[in-house]
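Atoms considered below: every heavy atom in the structure, side chains included; atoms not considered: hydrogens, waters and symmetry mates.
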Amino acid sequence: MRRASSLISNLVGKSKTFSRNAPKTFPDRRLFPRCPSRHLQTFSDNTVPSSPAPVPAPAQAPSRQRKLRELSELEEKFEAATSTDEILTAFEALEPLLAPDDHKLGLACLKVGQHLESISFEDPQKTLEFALRALSILDRDSKPSISVAMALHLVGAVHYTLKRFNDSLGILNRANRILTAIEKEGSCDFDVRPVVHAVQLQLANTKTAMGRREEALVNLRRCLDLKVEILEPDSRELGAAHRDLAEAYASVLNFKEALPLCLKALEIHEKQLGSNSVDVAHDRRLLGVIYTGLEEHEKALDQNEKSQKVLKSWGMGPDLLNAEIDQANIQIALGKFDEAIKTLKGVVEQTDNNSEVRALVFVSMAKALCSQEKFADSKRCLEISCEILKNKELVSHDMVAETFVEISSLYESMNEFSTAISLLKRALSMLERLPQQQHLEGNVSAKIGWLLLLTGKVELAVPYLESAAERLKETFGPKHFGVGYIYNNLGAAYLEMNRLQSAAQMFALAKDIMDVSLGPHHADSIEACQSLANAYSTMGSYILALEFQQRVVDAWENYGPNATNELREAKRLLDELKKKASGSISEAIIHKALPHESDSLHTKSN
């Protein structure tokens with residue numbers, strides 16, 4: 001994403017983009033009001049001028065007027081400064097002439113801080129000092145103020161740069177509340193939307209860095225809505241804004257929401273720039289990714305090929321290579337393995353021996369070979385890729401970690417569980433140092449836990465699963481289906497460890513989450529209900545076990561003809577439960593626990 005601090009000036013710098021009253025970096029046209037004219041007469045408190053004879057000015061007036069002229073000249077010099085050296089020099093000259101609590105000094109500190117943040121000044125702590133000083137001077141009135149919102153935005157942006165994400169989020173939320181109040185009251189005499197946009201974008205960046213991507217989407221959607229209001233219809237930048245949001249949705253696998261946004265971006269860019277533009281090529285490549293996620297692989301391949309054609313005409317080598325790798329992955333999804341390998345061999349010839357792109361090529365080639373059950377060749381490709389990635393760990397943490405995860409999945413598919421777990425642990429050690437990858441950290445931890453559970457290492461699996469549940473709750477919220485799957489695996493682990501009460505609790509949580517996120521008639525929701533019935537049965541709580549087992553039977557009956565085997569098994573387990581229960585509880589209680597069955601029998605008898 002683009003740096004949020006420079007977005008205000010980037011947006012308002014284009015006069016055709018905004019209304020005539022669009023603000024500059026500061027709300028006023030000038031940072032400071034003009035000082036009195038050198039010809040302005042000054043009177044003492046006890047002297048009243050009589051007409052027509054002029055009253056002599058006090059002796060100190062010339063000296064005072066010189067100071068006013070000096071202040072005026074320094075203010076104008078500060079306003080005109082653009083480079084870092086000019087701005088800092090002008091500020092040092094101006095600062096001694098202003099009182100420590102002067103509103104003008106607060107605005108001056110704000111301008112210096114905004115400039116330093118926009119150029120990624122080498123000492124962010126110095127930037128923060130200017131930001132906090134501006135805030136302390138400007139934030140002295142209970143009334144909502146645009147200058148305070150700007151100062152808060154700056155402080156939040158610098159905290160983000162310093163990776164103090166919690167501090168950044170709190171500060172930015174306050175800026176957002178102030179701007180909301182200003183918009184609601186209509187108390188501002190200029191367009192506040194560029195400032196609102198900058199705050200919303202910084203909120204999205206901060207939440208993304210904290211791994212809270214789903215929440216960040218709300219802020220990014222608000223950013224797009226503001227740009228739709230502010231920018232000219234069908235402008236190039238508006239097309240890019242639609243594509244950015246589409247990419248954000250695709251990054252959290254929400255391809256359904258991503259598709260219309262990307263199609264809108266394509267429509268705008270084709271209208272404004274023509275079908276042979278680079279922006280159109282990027283739109284089409286993203287569409288290929290989205291269609292792949294929607295499993296519409298033919299459409300994905302069509303978009304990818306059109307994108308490659310444009311990229312090739314513009315000589316965009318690196319983008320073209322990545323598009324060709326995308327093409328090969330789509331061919332693999334379509335089962336065109338030989339075509340995919342041919343495509344990848346062409347890409348290998350264009351890459352350096354130790355390049356990241358080469359590593360990705362060999363991963364995709366391993367995927368194609370694995371699909372053909374050529375496991376030895378597939379493993380050799382993965383070994384080459386891993387050798388390249390070892391030298392990139394300190395440079396490209398995100399890319400290497402994500403690729404290790406993909407490689408581990410291929411080893412898992414070849415039943416090489418030990419190697420898969422080892423690679424996942426390496427990926428996890430990198431991701432734990434990257435707060436912005438908290439969602440991936442949770443997924444990797446969950447995968448390690450599941451593989452350890454699968455290989456019988458139950459006690460080792462539990463800490464990974466518990467950690468994964470916490471990470472994903474923080475990222476996606478407590479009702480996300482991914483959290484439900486982790487709780488289901490935790491329940492299975494606790495059951496193996498004979499922690500029956502904990503197992504039942506986890507299965508109950510998993511069922512509740514899946515009922516909400518997937519629906520009660522989804523296959524995984526039914527399986528969670530089955531696990532809960534099994535747990536209660538193991539505990540000897542037959543009334544509860546019978547109740548949930550009956551729900552499983554009902555759910556499979558409503559699932560349709562594709563669930564014949566599942567329904568048969570559910571009924572068998574229900575009969576077994578009745579036999580187990582008959583020795584410990586009365587028939588009346590069993591009858592009460594199975595209202596659905598008794599109702600259906602009563603209906604049939606009638």
Side-chain angles (χ1 to χ4, degrees), residues 1-3 120 236-237 239-248 250-251 258 262 265-266 269-270 273-293 300-333 339-368 381-382 384-407 430 434 436-437 440:
M1 296 181 186
R2 294 160 52 192
R3 292 182 66 81
S120 301
R236 178 179 180 177
E237 190 174 354
H242 279 86
R243 184 175 65 222
D244 288 345
L245 185 55
E247 195 167 358
S251 72
C262 196
L266 178 63
H269 286 144
E270 280 192 318
L273 306 170
S275 59
N276 201 41
S277 72
V278 173
D279 277 304
V280 167
H282 290 319
D283 294 338
R284 290 196 183 281
R285 187 186 168 199
L286 180 56
L287 269 176
V289 173
I290 293 168
Y291 279 128
T292 299
L301 193 59
D302 177 59
Q303 293 296 333
N304 179 275
E305 289 171 351
K306 289 177 179 177
S307 174
Q308 283 191 53
K309 184 178 178 181
V310 177
L311 293 172
K312 195 175 293 183
S313 70
W314 283 93
M316 300 185 69
D319 288 328
L320 181 60
L321 290 178
N322 286 321
E324 289 183 68
I325 296 172
D326 290 344
Q327 177 188 1
N329 288 330
I330 296 168
Q331 289 169 333
I332 292 169
E339 290 182 30
I341 291 171
K342 182 180 177 181
T343 300
L344 292 167
K345 285 180 177 178
V347 178
V348 167
E349 293 172 359
Q350 303 174 62
T351 60
D352 297 330
N353 287 339
N354 293 314
S355 70
E356 295 174 7
V357 174
R358 192 179 186 88
L360 296 176
V361 170
F362 277 106
V363 173
S364 293
M365 197 173 288
K367 194 186 303 180
C381 287
L382 295 178
I384 294 171
S385 181
C386 285
E387 283 298 317
I388 295 171
L389 294 172
K390 281 180 185 176
N391 300 319
K392 306 292 181 181
E393 286 188 32
L394 298 177
V395 181
S396 306
H397 305 287
D398 298 46
M399 174 265 177
V400 173
E402 290 179 18
T403 309
F404 276 156
V405 173
E406 189 172 359
I407 291 172
M430 286 183 274
L434 302 171
Q436 68 271 24
Q437 294 288 3
L440 188 54

Rounded to the nearest 0.5 Å, what separates atom [atom1] in [X] from atom [atom2] in [Y]?
| X | Y | atom1 | atom2 | result |
| --- | --- | --- | --- | --- |
| Ser275 | Leu266 | OG | CG | 9.5 Å |
| Leu287 | His282 | CG | NE2 | 13.5 Å |
| Leu301 | Glu305 | CG | CD | 4.0 Å |
| Asn354 | Lys392 | CG | NZ | 6.5 Å |
| His269 | Arg284 | NE2 | CZ | 12.5 Å |
| Cys262 | Glu247 | SG | CD | 9.0 Å |

Test item: [X] side-chain N/O and [Y] main-chain N/O as donor-acceptor pair under 3.5 Å:
| X | Y | value |
| --- | --- | --- |
| Thr292 | Gly288 | yes |
| Asp283 | Arg243 | no |
| Glu393 | Leu389 | no |
| Ser251 | Ala248 | yes |

Under a 3.5 Å threshold, yes or no: a donor from one side chain and an acceptor from the other, between Ser307 and Arg285?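 Ser307 vs Arg285: no donor-acceptor pair found between side chains.
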
Over all heavy atoms of both residues, which pair between [X] and [Y] is shortest? Give the atoms and the distance, please.
| X | Y | value |
| --- | --- | --- |
| Gly274 | Val280 | O-CG2, 3.3 Å |
| Asn304 | Gln308 | OD1-NE2, 2.7 Å |
| Ser385 | Val363 | OG-CG2, 3.2 Å |
| Asp319 | Met316 | OD2-CE, 3.1 Å |
| Gly346 | Gln350 | O-NE2, 3.1 Å |
| Ala250 | Ile290 | CB-CG1, 4.4 Å |

Should we count NZ of Lys309 as having more than 12 external heavy atoms under 6.0 Å?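 Atom NZ in Lys309 is not packed in, count stays at 12 or less.
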
Sort out for me which residue in Ile325, Asn329, Leu321 forms a side chain to side chain contact (heavy atoms under 4.5 Å, CB included) with Leu360.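 Going through the options one by one, the only one that passes is Ile325.
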
Residues Glu324 and Lys312 bridged, charged N to O under 4.0 Å: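 No, no charged N to carboxylate O under 4.0 Å.
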
Does a salt bridge link Lys342 with Glu339, judged by any charged N lying under 4.0 Å from a carboxylate O?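 No, Lys342 and Glu339 are not salt-bridged.
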
Any heavy-atom pair between the side chains of [Y] and [X] that's under 4.5 Å?
| X | Y | result |
| --- | --- | --- |
| Ile341 | Lys345 | yes |
| Glu356 | Ile388 | no |
| Lys367 | Glu406 | yes |

List the steps and the verdict of side-chain contact (heavy atoms from CB on, under 4.5 Å) for Ser277 and Trp314. CA-CA 9 Å; Ser277 72; Trp314 283 93; 5.6 Å; no

Carefully, step by step, assess Gln437 and Glu402 under the rule side-chain contact (heavy atoms from CB on, under 4.5 Å). CA-CA 10 Å; Gln437 294 288 3; Glu402 290 179 18; 3.5 Å; yes

Test Asp302 against Lys306 for side-chain contact (heavy atoms from CB on, under 4.5 Å), laying out the working first. CA-CA 6 Å; Asp302 177 59; Lys306 289 177 179 177; 3.4 Å; yes

